[in-house]
Amino acid sequence: MERVTQVAKTVELKTQVEPFIRKELEKSYPGHTFTEKALPLRRKKDGNYAVHNFDAVSEDNSIVASIKSNSWLTSGGNVPSGKIGVIYQSLYFLSLVDAKTKLLILTDKKAYDGFLTVGDGKLAEGVEIKLYPLPPELQLLVKDVHRKASQEMSQRK
């Protein structure tokens with residue numbers, strides 16, 4: 001079996017897309033700086049806290065965000081149940097964290113519109129879903145990463 005030689009560089013999403021969104025959040029929330037950070041969620045049976053790593057957290061932990069740069073439809077043109085599940089997972093962790101402002105940031109307009117339709121009436125109170133569009137060069141990067149990831153998945157089948 002031929003080994004996949006072209007690996008989707010999803011790390012580029014972390015190193016380029018997320019820093020861009022953190023800078024945009026700093027413009028939206030003046031006086032705050034944002035970093036990736038692990039925060040406590042709920043107490044475990046042993047008394048310690050479970051933690052989750054969030055993509056953008058203000059320096060005082062009052063604003064917490066998860067960033068998703070998913071496209072919407074699958075490569076086959078279907079509603080993306082896996083992507084929807086990942087978004088709900090992010091919303092769940094946001095619902096558990098202690099923060100004044102909880103944000104789910106989507107960077108793709110079709111994903112934003114699609115999820116608002118699918119999630120209508122199914123979302124917990126207290127988490128805002130916002131669209132932060134990417135500039136053209138980052139949109140191309142994201143599209144390329146998603147294309148390569150889709151090719152990898154189809155080669156594995």
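Between Tyr88 and Phe93, the gap from one ring centroid to the other reaches at least 6.0 Å.
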Exercise. Show the numbers, then the answer: is there a side-chain contact (heavy atoms from CB on, under 4.5 Å) between Ile67 and Tyr132?
Key: CA-CA 9 Å; Ile67 302 166; Tyr132 276 68; over 6 Å; no
Self-check item: Derivation of the side-chain contact (heavy atoms from CB on, under 4.5 Å) call for Thr101 and Glu128
Solution: CA-CA 8 Å; Thr101 303; Glu128 297 175 63; 3.7 Å; yes
Practice problem: Starting from the C-alpha separation in whole Å, work towards a yes-or-no answer on salt bridge (Lys or Arg N to Asp or Glu O under 4.0 Å) for Asp55 and Lys37. | Solution: CA-CA 7 Å; Asp55 302 316; Lys37 190 174 185 181; over 6 Å; no
Exercise. Could you give me the CA-CA distance, side-chain angles and deciding distance for Val97 and Lys102, then say whether side-chain contact (heavy atoms from CB on, under 4.5 Å) is met?
Key: CA-CA 8 Å; Val97 74; Lys102 303 173 188 184; 4.3 Å; yes
Exercise. Any chance you could lay out the side-chain contact (heavy atoms from CB on, under 4.5 Å) test for Trp72 and Ile84, step after step, and finish with the verdict?
Key: CA-CA 9 Å; Trp72 188 238; Ile84 292 168; 3.6 Å; yes
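A donor-acceptor pair is defined here as one N or O able to donate and one able to accept, closer than 3.5 Å; no such pair exists between the side chain of Lys27 and the backbone of Lys23. Ser62 contributes no side-chain N or O that, together with a main-chain N or O of Ser58, makes up a donor-acceptor pair within less than 3.5 Å.
Side-chain atoms of His32 and Glu59 form a donor-acceptor pair, as typed in the model, at a separation below 3.5 Å. The closest side-chain donor-acceptor pair between Tyr112 and Thr107, if any, does not fall under 3.5 angstrom.
More than 12 heavy atoms of other residues, nucleotides or ligands shown are found within 6.0 angstrom of CG on Asn53. In this structure, Lys100 places its NZ atom where only 12 or fewer heavy-atom neighbours from other residues, nucleotides or ligands lie under 6.0 Å away.
Looking at heavy atoms from C-beta onward, Phe115 lies in side-chain contact with Leu91 at the 4.5 angstrom threshold. Two residues are said to be in side-chain contact when any heavy atoms from C-beta on lie closer than 4.5 Å; Gln16 and Leu141 meet this criterion.
Residue Leu140 is not grouped with residue Val145 when hydrophobic side chains (ILVMFWY) are merged at heavy-atom distances under 4.5 angstrom, including chains of intermediate members. Transitive grouping of hydrophobic side chains (ILVMFWY, heavy atoms separated by less than 4.5 Å) brings Leu116 and Ile87 into a common cluster. Val64 and Leu131 end up in the same hydrophobic cluster when Ile, Leu, Val, Met, Phe, Trp and Tyr side chains are linked at under 4.5 Å. In the hydrophobic cluster analysis, where Ile, Leu, Val, Met, Phe, Trp and Tyr join through side-chain heavy atoms closer than 4.5 angstrom, Val86 is grouped apart from Leu106. Cluster annotation: Leu96 is connected to Leu123 through the hydrophobic network of ILVMFWY side chains, with a link wherever side-chain heavy atoms come within less than 4.5 Å.
Nearest heavy atom pair, residue Lys44 against residue Ala50, reads CG-N, 3.7 Å. Considering every non-hydrogen atom in both Tyr49 and Pro40, the closest pair reads CB-CB, 3.8 Å. Nearest heavy-atom pair, Asn70 versus Ala111, reported as atom, atom and distance to 0.1 Å: O-CB, 3.4 Å.
The side chain to side chain donor-acceptor pair (under 3.5 Å) test with Ser71 is passed by exactly one of Lys83, Lys110, Lys143: Lys83. Each of Leu104, Leu41, Leu103 was evaluated against Leu94; a single residue qualifies, Leu104, per the side chain to side chain contact (heavy atoms under 4.5 Å, CB included) test.
Between atom CD1 of residue Ile63 and atom CD of residue Glu26 there is a gap of 10.0 Å, rounded to the nearest 0.5 Å. If you take CD1 on Ile21 and OG on Ser28, they are separated by 9.5 Å, rounding to the nearest 0.5 Å. Here the straight-line distance linking atom CZ of Phe34 with atom CG of Leu25 works out to 5.0 Å at 0.5 Å rounding. Taken to the nearest 0.5 Å, the CD atom of Glu24 stands 9.0 Å off from the CG atom of Leu134. Note that CD of Glu18 is 11.5 Å distant from CD1 of Ile105, once rounded to the nearest 0.5 Å.
Classification of Asp108 and Lys68 as a salt-bridged pair fails, no side-chain N sitting under 4.0 Å from a carboxylate O.
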